[in-house]
Amino acid sequence: DGGITQSPKYLFRKEGQNVTLSCEQNLNHDAMYWYRQDPGQGLRLIYYSQIVNDFQKGDIAEGYSVSREKKESFPLTVTSAQKNPTAFYLCASSSSGMDSPLHFGNGTRLTVT
Amino acid sequence: QKEVEQNSGPLSVPEGAIASLNCTYSDRGSQSFFWYRQYSGKSPELIMSIYSNGDKEDGRFTAQLNKASQYVSLLIRDSQPSDSATYLCAVNTRDDKIIFGKGTRLHILP
């Protein structure tokens, strides 16, 4: 079955450590996205990529980094510079074109203490 | 900054009644509009997409779009307890970003 796989489901880290969240899709989608969701809040866009080897900052990119070396993979690194990293992180993908809806992975819940 | 606005709720609707969810957006260049449902602790799932002014129906769900008023809504007929969730409005902006509102919590009263 085609889909988006995020791993791990739960992740715990100590403050000051960088951590990388995995996102893999086998839907052959060109575009991939990372969102952050805090309790009771909507989704805020961190980074997005429309094509391999290219990506753009979203609304809250500070303290995060991404790479897009392969079409199917779009890992997100939460760096120690991110001041409030504890959140629910969602990866999504879509076909190219403005009318394409997002397909979401199951999310990674990151807790930093 | 481009925005999508939703009433956070909670919106309480009796079982069997019509639930009406509303959303406004700021980017006049937006062409694609989506409604997602999100259960607590889960990822969002697509309910409806709409691209043209007017109504679009799919089962118990109807999406309505008015680009002149920059307004999109979702109607849920014959509301069921399983419809209790947070409903997220999403809009595709001219720079190919998809941005979300904060969501409306819907509670269907048995």
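All chains are named by letter (A, B, ...) in the order of the sequence lines, taking the proteins before the strands, and each is independently numbered beginning at 1.
If you chain together hydrophobic residues whose side chains sit under 4.5 Å apart, B/Ile99 and B/Tyr25 fall into the same group. Under the 4.5 Å side-chain heavy-atom criterion for ILVMFWY residues, no single connected hydrophobic cluster contains both A/Tyr89 and B/Ile98. Both B/Met48 and B/Leu21 are part of a single hydrophobic cluster, where members link through side-chain heavy atoms under 4.5 Å apart. Following chains of ILVMFWY side-chain contacts shorter than 4.5 Å, one cannot reach A/Ile4 starting from A/Leu11, and the two form parts of different hydrophobic clusters. Under the 4.5 Å side-chain contact rule for hydrophobic residues, B/Leu11 and B/Tyr87 share a cluster.
If you take OH on B/Tyr36 and CG on A/Leu102, they are separated by 4.0 Å, rounding to the nearest 0.5 Å. Note that OG of A/Ser94 and CG of B/Leu46 are 11.5 Å apart. Values are rounded to the nearest 0.5 Å. Note: B/Asp96 CG to A/Tyr33 OH = 6.0 Å, rounded to the nearest 0.5 Å.
Heavy atoms of B/Gln6 lying under 4.5 Å from chain A are absent altogether. Looking at A/Gln37, the atoms closer than 4.5 Å to chain B (heavy atoms on both sides) all sit in the side chain, from C-beta outward. The contact between A/Leu43 and chain B is made by backbone and side chain atoms together, counting heavy-atom distances below 4.5 Å.
Here the closest non-hydrogen pair linking A/Phe88 and B/Gln38 is CE2-NE2, 4.3 Å. Shortest non-hydrogen contact noted between A/Ser100 and B/Phe34 is O-CZ, 3.8 Å. Heavy-atom minimum distance, A/Gly42 versus B/Leu88: CA-CD2, 4.3 Å.
Proximity to chain B at a heavy-atom threshold of 4.5 Å picks out A/Leu45, A/Tyr48, A/Gln50 from residues 45-54 of chain A, in numerical order. The stretch residues 103-113 of chain A places A/Phe104, A/Gly105, A/Asn106, A/Arg109 near chain B, each with some heavy atom under 4.5 Å from a heavy atom of that chain.
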Verdict with reasoning, A/Asp59 to B/Lys97, per side chain to side chain contact (heavy atoms under 4.5 Å, CB included): CA-CA 10 Å; A/Asp59 299 321; B/Lys97 295 192 294 185; 3.1 Å; yes
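Contact count versus chain A (heavy atoms, under 4.5 Å) is highest, among B/Gly101, B/Ser40, B/Pro44, for B/Pro44.
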